[in-house]
Participant: 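Below are the structure tokens for one structure; questions will follow.
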Amino acid sequence: MDDATAPHKAARTSATPSAARSTGPGATGPDATEPPGAGTPAAGSPVPEPYLTELAAGVHAFIQPDGGWCLNNAGFVTDGDATLVVDTAATERRARLLRRRIAESGAPAPRTVVNTHHHGDHTYGNGVFAPEATVIGHASCRRELLAAGHQLHAVWPEVEYGDIHLTPPEVTYTDELTLHVGEIEVRLIHPGVAHTTGDTVVWLPRERIVFAGDLVFHGGTPFLLMGSLAGSLRAVRTLRALDAVTVVPGHGPVTGPEVYDGIERYLRFVGRLAQEGRAAGRTPLETAQEADLGPFAELAESERLVANLHRAYAELAGAAPGVPLDPMAAFADMAVLNGGVPMSCHA
């Protein structure tokens with residue numbers, strides 16, 4: 001979202017682990033060939049173009065700065081004969097750019113797409129890869145995507161999404177599923193209800209790389225409205241147990257496992273605020289308005305605090321993790337917390 005319209009926004013960092021080789025802005029060295037257009041805004045776009053970062057042989061992250069609303073990360077895994085894509089993008093243009101970047105890398109056309117959850121910024125572009133590629137996701141990811149429909153259109157109708165064909169996972173799993181891209185093992189792990197009811201962690205054990213989806217926001221505020229506060233804390237423990245060296249967040253630059261510390265602290269902060277605010281009879285919005293964000297003021301999209309409090313209040317009242325809440329009420333409260341200005345979709 002636009003920093004000029006939201007309080008407590010901080011500039012995003014672009015540091016990546018030393019093991020990663022970037023083809024995007026700021027890269028150096030013989031492997032840092034910047035693809036045409038990478039890191040430069042498209043006409044009328046307020047943010048830089050996406051770029052690839054090579055994390056290991058055959059493993060790339062597709063980073064979409066600035067990582068705000070609707071600007072997620074994706075990635076792909078290839079052995080030169082087969083290619084698997086992790087997530088797509090919010091618009092047809094960006095999904096086609098991802099497909100083009102994959103082709104420019106020399107990888108063959110993808111046969112598989114894995115969705116880390118159902119939100120449109122991670123799934124709207126599925127149709128750019130299907131039917132040639134099989135879409136895989138958690139069983140709840142499929143259900144939620146079908147139920148949500150053109151979800152981003154409903155929130156940001158002014159955005160030029162392009163020709164979006166909703167393409168839910170056609171292969172689903174419930175707990176774990178192991179795929180193989182040649183000799184590269186790719187494990188799909190459901191951490192339970194966390195960011196949503198149908199999250200998937202994509203874990204490459206040999207490379208020690210994890211695509212965490214929106215269980216991890218690096219430089220941005222976590223978002224729990226459609227998931228669970230308690231479940232998100234459990235998901236952090238699940239991620240820690242993998243012992244990854246490289247973490248590809250759902251939003252923000254590639255990082256390492258140290259990112260989990262800040263996420264955990266923020267989640268516990270939300271839990272304490274919810275307990276105090278509910279005991280005092282304050283609404284989630286009143287609690288958020290009175291909150292001292294402290295170190296969390298540095299996180300972008302700080303207005304998500306009130307949506308997170310909606311979820312935390314519901315859990316304190318005994319609601320099951322992931323039980324549907326009123327999204328319109330939560331988004332209205334976020335707009336109030338955002339200075340009365342609706343959040344901006346950057347896609």
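In what follows, every heavy atom counts, from backbone to side chain, and hydrogens, waters and symmetry copies are set aside. Counting from 1, the numbers follow the sequence of the chain as shown.
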Participant: Taking all non-hydrogen atoms of both residues, which atom of G277 and which atom of T287 are closest, and how far apart?
Facilitator: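 Shortest heavy-atom separation between G277 and T287 comes out as CA-OG1, 3.4 Å.
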Participant: For the CD atom on E258, are there more than 12 heavy atoms of other groups (residues, nucleotides or ligands in this structure) within a distance under 6.0 Å?
Facilitator: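 Counting other residues, nucleotides and ligands, CD of E258 exceeds 12 neighbours.
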Participant: Would you find a donor on one side and an acceptor on the other, under 3.5 Å apart, between the side chain of Y161 and the backbone of L152?
Facilitator: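 Yes: the side chain of Y161 pairs with the backbone of L152.
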Participant: Between S344 and H346, is there a donor-acceptor pair closer than 3.5 Å when you use the side chain of the first and the backbone of the second?
Facilitator: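 It does not hold such a pair.
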Participant: Just jot down the side chain to side chain donor-acceptor pair (under 3.5 Å) partners of Y260, sequence neighbours excluded, or say none.
Facilitator: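 Testing Y260 for side chain to side chain donor-acceptor pair (under 3.5 Å), a comparison that skips the adjacent residues, returns none.
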Participant: Sub-3.5 Å donor-acceptor pair from the side chain of T83 to the main-chain atoms of P108, do we have one?
Facilitator: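 Checked: pair present.
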Participant: Between Q151 and G120, is there a donor-acceptor pair closer than 3.5 Å when you use the side chain of the first and the backbone of the second?
Facilitator: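 Checked: pair present.
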Participant: Would you check if the side chain of H310 reaches a backbone N or O of P284 as a donor-acceptor pair within less than 3.5 Å?
Facilitator: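 Answer holds: no.
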Participant: Once side chain to side chain donor-acceptor pair (under 3.5 Å) is applied, do any residues pair with R99, and if so which ones, sequence neighbours excluded?
Facilitator: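 Result, side chain to side chain donor-acceptor pair (under 3.5 Å) vs R99: none returned.
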Participant: Can you see which heavy atom on R311 is nearest to which on G322, and at what distance?
Facilitator: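 Heavy atoms only, the tightest pair is NH1-N, 3.6 Å.
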Participant: Using the side-chain contact (heavy atoms from CB on, under 4.5 Å) criterion, which residues pair with T197? Sequence neighbours excluded.
Facilitator: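 Listed in chain order: S140, E144, V193.
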Participant: Could you check whether any side-chain N or O of D292 sits under 3.5 Å from a backbone N or O of G294, counting only pairs where one atom can act as donor and the other as acceptor?
Facilitator: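 Yes; at least one donor-acceptor contact below 3.5 Å.
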Participant: Hey, does H117 have a side-chain heavy atom less than 4.5 Å from the side chain of D214?
Facilitator: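 Side-chain contact under 4.5 Å: yes.
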Participant: May I ask whether L316 and L305 are part of the same hydrophobic cluster, defined by side-chain heavy atoms of I, L, V, M, F, W, Y residues being less than 4.5 angstrom apart, directly or through others?
Facilitator: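 No, no single cluster joins them.
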Participant: Enumerate, atom names and distances included, each donor-acceptor pair closer than 3.5 Å involving a side-chain atom of residues 229-239, sequence neighbours excluded.
Facilitator:
residue, atom, partner, partner atom, Å
S232, OG, A194, O, 3.4
S232, OG, S228, O, 2.7
T238, OG1, R234, O, 3.3

Participant: Counting C-beta onward and ignoring hydrogens, is there a side-chain heavy-atom pair between L177 and L179 closer than 4.5 Å?
Facilitator: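 A side-chain contact under 4.5 Å exists here.
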Participant: Per the side-chain hydrogen bond (donor to acceptor under 3.5 Å, both in side chains) rule, which among D121, N115, T123, N126 passes with T88?
Facilitator: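 Looking at D121, N115, T123, N126, the match for T88 under the side-chain hydrogen bond (donor to acceptor under 3.5 Å, both in side chains) is N126.
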Participant: Is a donor on one side and an acceptor on the other found under 3.5 Å between the side chain of H138 and the backbone of T174?
Facilitator: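 It does hold such a pair.
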Participant: For the atom pair CG (L309) and CZ (R278), what is the distance rounded to the nearest 0.5 Å?
Facilitator: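 Rounded to the nearest 0.5 Å, the CG-CZ separation comes to 12.5 Å.
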Participant: At their closest point, which heavy atom of C70 faces which heavy atom of W156, and how far apart are they?
Facilitator: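 Answer, listing the atom of C70 first, then W156: SG-CZ3, 3.4 Å.
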Participant: Are L98 and F129 close enough that some pair of their side-chain heavy atoms sits under 4.5 Å apart?
Facilitator: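 Result yes, sub-4.5 Å side-chain heavy-atom pair found.
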Participant: Hey, does E301 have a side-chain heavy atom less than 4.5 Å from the side chain of N338?
Facilitator: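 Of all side-chain heavy-atom pairs linking E301 with N338, none is under 4.5 Å.
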Participant: Applying ring pair (Phe, Tyr, Trp, His ring centres under 6.0 Å) to Y124 and H165, what does each step give before you reach the verdict?
Facilitator: CA-CA 7 Å; Y124 260 22; H165 294 276; over 10 Å; no
Participant: At their closest point, which heavy atom of I209 faces which heavy atom of W203, and how far apart are they?
Facilitator: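 Shortest heavy-atom contact: O-CE3, 3.2 Å.
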Participant: Are side-chain heavy atoms of P65 and L71 found at a separation under 4.5 Å?
Facilitator: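 They are not in contact (no side-chain heavy atoms under 4.5 Å apart), so the answer is no.
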Participant: For the pair T221 (side chain) and A300 (backbone), establish whether a donor and an acceptor sit closer than 3.5 Å, ignoring hydrogens and angles.
Facilitator: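 Looks like yes, one N/O pair under 3.5 Å.
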Participant: Does a side-chain heavy-atom distance below 4.5 Å link T172 with I136?
Facilitator: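 A side-chain contact under 4.5 Å is absent here.
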Participant: Would you kindly confirm whether M334 and V336 end up in one hydrophobic cluster when ILVMFWY residues are joined by side chain heavy atoms under 4.5 Å apart?
Facilitator: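 The answer is yes; both residues are in one hydrophobic cluster.
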Participant: Are R304 and W69 in a cation-pi contact, defined as NZ or CZ under 6.0 Å from the six-membered ring centre and within 45° of the axis?
Facilitator: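 Flagged: R304 positioned over aromatic ring of W69.
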Participant: Find the distance between CG (D163) and OG1 (T91) and round it off to the nearest 0.5 Å.
Facilitator: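 Going from the CG atom of D163 to the OG1 atom of T91 covers 12.0 Å.
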Participant: Working to the nearest 0.5 angstrom, can you tell me the gap between F62 CZ and F76 CZ?
Facilitator: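 Separation between the atoms: 10.0 Å.
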Participant: Assess the side chains of D87 and N72: does a donor N or O sit below 3.5 Å from an acceptor N or O?
Facilitator: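 There is no such pair (donor and acceptor under 3.5 Å, judged by atom type) between the side chains of D87 and N72.
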Participant: Do the charged groups of E170 and R142 touch, with an N to O distance under 4.0 Å?
Facilitator: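 Result for this pair is no, no salt bridge flagged.
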Participant: Which residues satisfy the side chain to side chain donor-acceptor pair (under 3.5 Å) test with N308, sequence neighbours excluded?
Facilitator: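 Partners of N308 under the side chain to side chain donor-acceptor pair (under 3.5 Å) test: Y266.
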Participant: Out of curiosity, H150 NE2 to L145 CG, how far, rounded to the nearest 0.5 Å?
Facilitator: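 H150 NE2 to L145 CG: 9.5 Å, rounded to 0.5 Å.
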Participant: Does R93 pair with E49 as a salt bridge, N-O distance under 4.0 Å?
Facilitator: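 Looking at E49 together with R93, the answer is yes, because their closest N to O distance falls below 4.0 Å.
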Participant: So, are R272 and E276 salt-bridged, with charged N and O less than 4.0 Å apart?
Facilitator: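 Answer for the salt bridge query: no.
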Participant: Any idea which heavy atoms bring L225 and P327 closest together, and the distance?
Facilitator: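 Shortest heavy-atom contact: CD2-CA, 4.3 Å.
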Participant: Is it the case that the side chain of S105 and the backbone of I102 share a donor-acceptor pair, with hydrogens and angles ignored and the cut-off at 3.5 Å?
Facilitator: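 Flag set: sc S105 to bb I102 pair under 3.5 Å.
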Participant: With rounding to the nearest 0.5 angstrom, report the CG to OH distance, L273 to Y313.
Facilitator: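 Result: 8.5 Å between the selected atoms.
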Participant: May I ask you to test the D333-T283 pair for a side-chain heavy-atom distance under 4.5 Å?
Facilitator: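 When only atoms from C-beta onward are counted, T283 and D333 do not touch, as no gap falls below 4.5 Å.
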Participant: Could you state whether V186 and V171 fall into the same hydrophobic cluster, counting links through intermediate Ile, Leu, Val, Met, Phe, Trp or Tyr residues with side-chain heavy atoms under 4.5 angstrom apart?
Facilitator: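 Yes, same cluster.
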Participant: Working to the nearest 0.5 Å, report the span between OG1 of T116 and CG of L215.
Facilitator: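 Reported to 0.5 Å precision, the distance equals 8.0 Å.
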Participant: Determine whether the aromatic ring centres of residues H122 and H251 are separated by less than 6.0 angstrom.
Facilitator: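 Yes, the ring centres sit under 6.0 Å apart.
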Participant: Not counting sequence neighbours, which residues clear side chain to side chain donor-acceptor pair (under 3.5 Å) with N73? List them please.
Facilitator: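 With sequence neighbours excluded, N73 shows a side chain to side chain donor-acceptor pair (under 3.5 Å) to no residue whatsoever.
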Participant: Is a salt bridge present between E132 and R111, judged by a nitrogen-to-oxygen distance below 4.0 Å?
Facilitator: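 R111 and E132: not salt-bridged.
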Participant: Run the numbers on R206 and E185 for salt bridge (charged side-chain N to carboxylate O under 4.0 Å, His left out), then give the verdict.
Facilitator: CA-CA 7 Å; R206 185 181 68 186; E185 182 180 354; over 6 Å; no
Participant: Would you check, one step at a time, whether the test salt bridge (charged side-chain N to carboxylate O under 4.0 Å, His left out) holds for R240 with D261?
Facilitator: CA-CA 10 Å; R240 286 189 191 278; D261 296 338; 2.9 Å; yes
Participant: Within the distance-only criterion (no hydrogens, no angle test), does the side chain of D199 pair as donor or acceptor with the backbone N or O of T196 below 3.5 angstrom?
Facilitator: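 Yes: the side chain of D199 pairs with the backbone of T196.
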Participant: Are any of the side-chain heavy atoms of E176 and L188 separated by less than 4.5 Å?
Facilitator: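 E176 vs L188: side chains apart.
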Participant: List the atom of G262, the atom of F296, and the distance in Å for their closest heavy-atom pair.
Facilitator: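 Heavy atoms only, the tightest pair is O-CE2, 4.2 Å.
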